[in-house]
Q: 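A single structure is presented below for examination.
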Amino acid sequence: MGLTLAEKILSHKVGRPVRAGELLVVEVDQVMVVDSIAGSFFKRLEYLEATPRYPERVSIVIDHVAPAANLEVAKAQKEIREWGKRHGIRVFDVGRGVCHQVLVEEGLVQPGFVVVGSDSHSTTYGAVGAFGTGMGATDIALAAASGRTWLRVPESVKVVFRGKLPKGVTAKDAALEMVRLLTAEGATYMAVEIHLLDGAEALTRGERMTLANLTVEAGAKAGLVVPSGEILELYRVPEWLYPDPDATYVKEVEIDLSALTPRVSVPFYVDNVHEVAEVKGKRVDQVFIGTCTNGRIEDLRAAAEVLKGRKVAPWVRLLVVPASSQVLEEAARDGTLLTLLEAGATIGTPGCGPCMGRHMGVLAPGEVCVSTSNRNFRGRMGAPDAEIYLASPRVAAASAVAGYLTTPEELEEVHG
Amino acid sequence: MARVWKFGDQINTDDILPGKYAPFMVGEDRFHLYAFAHLRPGFAEEVRPGDILVFGRNAGLGSSREYAPEALKRLGIRAIIAKSYARIFFRNLVNLGIVPFESEEVVDALEDGDQVELDLETGVLTRGEERFQLRPPPPFLLEALKEGSLLDYYKKHGRFPGE
C-alpha cells in the first residue's frame with residue numbers, strides 16, 4: 001500500500017516507511033517563533049536550562065503587533081532583539097512582514113522540510129511541499145532545545161481542485177469552499193493533501209499559500225499541496241516528494257474550480273461559507289486587505305484592479321497591510337500602491353495588522369468588517385458583537401467602494 | 001468537590017482568551033484574569049482551583065496561543081472534558097499538564113454548576129451517587145503527566161516519553 005505525501009515526508013525524516021497513527025519523534029528543519037509568544041518561549045527554554053540546539057534553524061518574527069502598540073509589547077520586543085543577539089538567532093524585525101510570508105520569501109522553508117511554527121497558520125508552508133504545522137509555546141521551545149518534535153503521523157484527506165478559476169474568482173474563494181466542504185473539524189488531526197489538476201496546477205505559489213493557509217480552519221495538522229507548476233520552477237523538489245497513486249485517504253473531496261463563484265465566510269464561524277450573492281447588501285464600516293492569507297502582491301494587484309478610478313465609500317475605512325516589505329516594495333514599484341492610495345486606502349506596516357484585534361484597526365461595537373484574513377470568530381478583531389466577513393481581495397475592494405458587501409461584477413452593473 | 005463549567009461546541013481560543021488580552025499585551029501577571037472575557041464575563045473571579053471545564057465538539061480550535069490554556073492553568077484548572085479537541089489545543093493541554101479527557105456521554109450528562117469529583121489518573125468521575133468512567137490518558141501522556149507536564153518530563157529526562 002502506498003504512502004500519502006505527509007507519510008512520505010515523515011518517512012523520509014525517520015529513514016523508514018511510517019504510516020498514519022504512528023507516534024514519532026522527528027528532526028525539525030525550521031522552528032518559527034512569533035513575537036506574541038516569544039516571552040513564553042524564552043521562559044520555557046530558561047526553565048529547561050537550554051538554548052536552541054541549532055541556532056540557524058530558529059527564526060523569530062516580530063509581526064503580530066508591529067510596531068509595538070503599547071509599553072508591554074515594546075518591552076517584550078526589546079527582549080526579543082536582545083535575546084536574538086545573545087543567542088545568534090535571526091530576528092525579522094518590525095516591518096519585515098507576516099511570519100509565514102517572510103519564511104517563504106527568505107527561502108527558509110523548502111520542499112520536504114518539517115517546519116514547526118508558534119502560529120496555527122504554519123500549515124501555509126505546505127504550499128511549497130513542506131510539512132508545516134502550528135504548535136504552542138512549550139512545543140516550540142522543546143523543538144528549539146532538542147531540534148526535534150513529537151507527532152502522530154496524520155491520516156490524510158485528499159482535496160482535488162480541478163480546472164481553471166473563472167474570471168473574478170480567486171484562490172481565496174476556492175479555499176473557503178474547501179473549508180465549507182470539510183467543515184471546521186473535518187480534518188482535525190489530519191493532513192489535507194491538495195492536488196491541483198486539469199489546469200489548476202497553474203495556481204501560483206502565493207495562491208497555493210492561500211489554500212494551505214486555510215486548511216487549519218478545517219482543523220488540519222498540515223496542508224500539503226502536491227508540487228507542480230510554479231513550484232517546480234522555484235524550488236528543487238526531491239523526486240520522492242509525491243504521494244503514491246495507491247495511498248489511502250480518510251476521504252476525498254473534489255472541487256471544480258471552473259464552476260466556482262465568489263464566496264464569503266459569515267460570522268462567527270469560518271466554515272459558515274456562502275455565496276457573496278446571499279449576503280450582499282450588508283453595510284460595511286471597515287475593509288481590511290492583508291494577512292498571511294491574502295496580503296501578497298497578487299492580492300494587492302487584484303484589489304487595485306477593482307479600485308482603479310474609483311473611490312472608497314465615505315463611511316468606509318480601507319486598510320491595506322502588505323504581507324511583507326517585499327510585497328510593499330513591489331506594490332510601490334509597479335504602481336499598485338498609488339492606485340490603492342488614490343482610491344482612499346491607507347497603508348499599514350507589513351505584518352499581521354488588525355487580524356487579531358490588537359491594534360491598527362480594532363472594531364467598535366456593532367461594526368462590520370470585510371476582511372481578507374482567515375478568522376471571523378466572535379470578538380476576534382475587537383468588540384464581541386462586531387462582525388467579520390471573510391472574502392477575497394476583489395470582493396473586499398468592491399465592498400469598500402460600494403460601502404456594502406458586493407462583488408466587482410455587481411459594482412460594475414450598479415456604478416458602471 | 002469541583003464545580004463543572006460547561007460550554008458549547010466549537011469554543012475557540014479567542015473565546016478562551018481574546019487576543020487583545022495576551023500576556024504581552026496586558027502583562028504576564030494579569031492575562032489569566034481575562035479568561036472567557038467575552039463569552040462568560042466574571043468567570044475568572046468565580047472559578048476555583050480544581051474546577052472542571054466541559055466543552056462540546058472541536059474544543060479549542062483556532063489560534064495556537066498557548067496562553068489561552070495557560071490562563072486556565074493559572075486559574076487552577078487541571079482537567080477538561082470535551083467531546084473532541086482541536087489538535088493544537090490538545091497538545092498545549094498535555095504540554096501544560098492539564099488532562100484532556102474525551103467523552104460524548106459524560107459531556108452530555110454533565111450540567112453547568114454540577115458538583116463532581118474527578119480522579120485524574122483513573123478517569124473516575126462521581127456526581128453524588130453517580131459514577132462515570134472516563135478513558136484514562138494514553139501512556140505517552142500519562143508518562144509526561146507523571147512529571148507534571150511534557151516540559152517537566154523533558155527537563156528531567158532530556159528526551160521525550162518513549163524515545
Side-chain angles (χ1 to χ4, degrees), chain A residues 23 25 35-40 43-44 47-50 64-65 69-70 72-73 75-77 117-122 133-142 145-146 148-151 154 184-185 188-189 216-217 219-221 269-270 355-359 362 375 377-380 382 384, chain B residues 9-15 18-28 30-31 37-39 41 57-59 61-70 83-97 138-140 144 149-156 158-163:
Chain A
L23 209 59
V25 177
D35 52 350
S36 46
I37 68 101
S40 313
K43 265 198 295 178
R44 281 155 177 74
Y47 177 76
L48 292 169
E49 297 167 34
H64 276 56
V65 185
N70 66 29
E72 285 297 329
V73 174
K75 287 191 287 189
Q77 296 186 346
S118 72
D119 182 277
S120 57
H121 291 101
S122 300
T133 191
M135 293 182 177
T138 299
D139 272 320
I140 292 299
L142 284 167
S146 68
R148 312 190 296 287
T149 194
W150 69 273
L151 39 87
E185 53 186 323
T188 299
Y189 303 115
V216 74
E217 304 310 329
K221 172 182 275 183
Y269 300 99
V270 183
C355 179
M356 66 301 284
R358 287 167 176 155
H359 70 160
V362 173
R375 287 196 177 123
F377 297 154
R378 188 184 297 278
R380 169 104 174 157
Chain B
D9 291 337
Q10 313 284 349
I11 299 299
N12 61 63
T13 49
D14 277 86
D15 291 326
K20 56 182 167 286
Y21 303 126
F24 89 138
M25 295 292 287
V26 298
E28 279 288 341
R30 295 188 48 78
F31 71 98
H38 292 158
L39 200 61
R57 301 194 60 80
N58 206 16
L61 74 153
S63 164
S64 60
R65 59 187 69 155
E66 188 173 299
Y67 50 78
E70 200 178 353
K83 289 189 177 176
S84 64
Y85 292 91
R87 187 189 69 86
I88 301 174
F89 187 67
F90 184 85
R91 286 185 77 107
N92 285 343
L93 293 178
V94 173
N95 291 340
L96 290 168
F140 180 88
S149 68
L150 189 68
L151 192 68
D152 295 309
Y153 185 97
Y154 189 89
K155 183 179 167 75
K156 188 164 170 189
R159 59 174 175 82
F160 293 97
E163 221 186 349

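The structure presented is a predicted model; accordingly, all values stated were derived computationally and were not measured. Every chain is numbered from 1 and lettered A, B, ... according to where its sequence line falls, protein lines coming before strand lines.
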Q: Any chance you could lay out the side chain to side chain contact (heavy atoms under 4.5 Å, CB included) test for A:Thr138 and B:Asn92, step after step, and finish with the verdict?
A: CA-CA 7 Å; A:Thr138 299; B:Asn92 285 343; 5.9 Å; no
Q: At a heavy-atom separation under 4.5 Å, does B:Phe24 approach chain A through its side chain, its backbone, both, or neither?
A: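 Both backbone and side chain.
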Q: Which bit of A:Ala137 comes within less than 4.5 Å of chain B, counting heavy atoms only: side chain, backbone, both or neither?
A: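 When you check distances to chain B, atoms from both the backbone and side chain of A:Ala137 fall under 4.5 Å.
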Q: Out of A:Arg148, A:Glu217, A:Lys43, which one racks up the most heavy-atom pairs below 4.5 Å with chain B?
A: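 The candidate making the most pairs under 4.5 Å is A:Arg148.
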Q: Identify which part of A:Arg380 has an atom lying under 4.5 Å from any heavy atom of chain B, answering side chain, backbone, both or neither.
A: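 Both parts, backbone and side chain.
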Q: Heavy-atom pairs under 4.5 Å with chain B are the metric here; pick the option from A:Val65, A:Ile37, A:Val216 that has the most.
A: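 If we count pairs closer than 4.5 Å to chain B, A:Val65 comes out on top.
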Q: Between A:Ala38, A:Gly39, A:Ala184, A:Gly219, which residue shows the highest count of heavy-atom pairs closer than 4.5 Å to chain B?
A: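 Most heavy-atom pairs within the cutoff with chain B belong to A:Ala184.
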Q: Between A:Glu185, A:Arg375, A:Glu72, which has the largest tally of heavy atom pairs under 4.5 Å with chain B?
A: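 If we count pairs closer than 4.5 Å to chain B, A:Glu185 comes out on top.
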Q: Check each atom of B:Thr13 against the heavy atoms of chain A and say whether the ones under 4.5 Å are side chain, backbone, both or neither.
A: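 For B:Thr13, there is no contact with chain A at all, as no heavy atom is under 4.5 Å.
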Q: For the interface with chain B, which of A:Gly379, A:Ala50, A:Ala76, A:Ala69 has the highest count of heavy-atom pairs at distances below 4.5 Å?
A: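 Going by pairs under 4.5 Å, I would pick A:Gly379.
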Q: Among B:Lys156, B:Arg65, B:Glu28, which has the most heavy-atom pairs under 4.5 Å with chain A?
A: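 Most heavy-atom pairs within the cutoff with chain A belong to B:Glu28.
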Q: Side chain, backbone, both or neither: which part of A:Tyr47 has a heavy atom under 4.5 Å from chain B?
A: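 Both parts, backbone and side chain.
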Q: Is B:Arg159 atom CZ crowded by more than 12 heavy atoms from other residues, nucleotides or ligands, each under 6.0 Å away?
A: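 Atom CZ in B:Arg159 is packed in, count exceeds 12.
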Q: Is B:Asn12 in contact with chain A via its backbone, its side chain, both, or neither, using a 4.5 Å heavy-atom distance?
A: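 Just the side chain, heavy atoms under 4.5 Å.
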Q: To the nearest 0.5 angstrom, please state how far the CG atom of A:Leu142 sits from the OH atom of B:Tyr153.
A: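 Taking CG in A:Leu142 and OH in B:Tyr153, the distance rounds to 12.5 Å.
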Q: Ignoring hydrogens and angles, tell me if any N or O in the side chain of B:Asp9 forms a donor-acceptor pair with the backbone of B:Arg57 under 3.5 Å.
A: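 Yes, B:Asp9 side chain to B:Arg57 backbone: donor-acceptor pair under 3.5 Å.
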Q: Go through the atoms of A:Val25 and report whether side chain, backbone, both or neither lie under 4.5 Å from a heavy atom of chain B.
A: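 Only the side chain of A:Val25 comes within 4.5 Å of chain B.
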Q: Would you mind checking which part of A:Leu151 comes under 4.5 Å of any heavy atom in chain B, side chain (CB onward), backbone (N, CA, C, O), both or neither?
A: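 Looking at A:Leu151, backbone and side chain both touch chain B.
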Q: For B:Tyr21, give me all partners under ring-ring contact (aromatic ring centres under 6.0 Å, His included), at least two apart in sequence or on another chain.
A: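 B:Tyr34.
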Q: What part of A:Lys75 gets within 4.5 angstrom of chain B, counting heavy atoms only: side chain, backbone, both, or neither?
A: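 No part of it gets close to chain B.
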Q: We want to know whether A:Asp119 and A:Ser122 form a side-chain donor-acceptor pair, criterion being a heavy-atom distance below 3.5 angstrom.
A: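 No, A:Ser122 and A:Asp119 have no side-chain donor paired with an acceptor closer than 3.5 Å.
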Q: Taking atom types as modelled and ignoring hydrogens, do the side chains of B:Arg87 and A:Thr133 form a donor-acceptor contact shorter than 3.5 angstrom?
A: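 B:Arg87 vs A:Thr133: donor-acceptor pair found between side chains.
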Q: The criterion is ring-ring contact (aromatic ring centres under 6.0 Å, His included); which residues satisfy it with B:Phe140, sequence neighbours excluded?
A: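 Counting only residues at least two positions away or on another chain, B:Phe140 forms a ring-ring contact (aromatic ring centres under 6.0 Å, His included) with A:Trp150.
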Q: At a 4.5 Å cut-off on heavy atoms, which part of A:Ser118 comes close to chain B: side chain, backbone, both, or neither?
A: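 Only the backbone of A:Ser118 comes within 4.5 Å of chain B.
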Q: For B:Ser63 versus A:Ser120, what's the shortest heavy-atom pair and its separation?
A: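 So the two residues come closest at CA-OG, 3.7 Å.
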Q: What are the two closest non-hydrogen atoms of A:Ser36 and B:Tyr67, and how far apart are they?
A: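 Looks like O-CE2, 4.2 Å.
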Q: Between B:Glu70 and B:Leu96, is there a donor-acceptor pair closer than 3.5 Å when you use the side chain of the first and the backbone of the second?
A: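 Here the side-chain-to-backbone pair does not exist.
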Q: Heavy-atom pairs under 4.5 Å with chain A - which of B:Met25, B:Arg91, B:Lys155, B:Lys20 has more of them than the others?
A: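 Heavy-atom pair counts peak at B:Arg91.
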Q: Under 4.5 Å from any heavy atom of chain A, what part of B:Gln10 do you find: side chain, backbone, both or neither?
A: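 B:Gln10 touches chain A through backbone and side-chain heavy atoms alike.
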Q: Heavy-atom distance under 4.5 Å to chain B: side chain of A:Asn70, backbone, both or neither?
A: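 It is the side chain, since no backbone atom gets that close.
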Q: Does B:Tyr85 offer a backbone N or O that forms a donor-acceptor pair with the side chain of A:Tyr189 under 3.5 Å?
A: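 Side chain of A:Tyr189 to backbone of B:Tyr85: a pair is present.
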Q: Counting heavy-atom pairs under 4.5 Å with chain A, which one of B:Pro69, B:Gly27, B:Ala86, B:Pro18 comes out on top?
A: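 Winner by heavy-atom pair count: B:Gly27.
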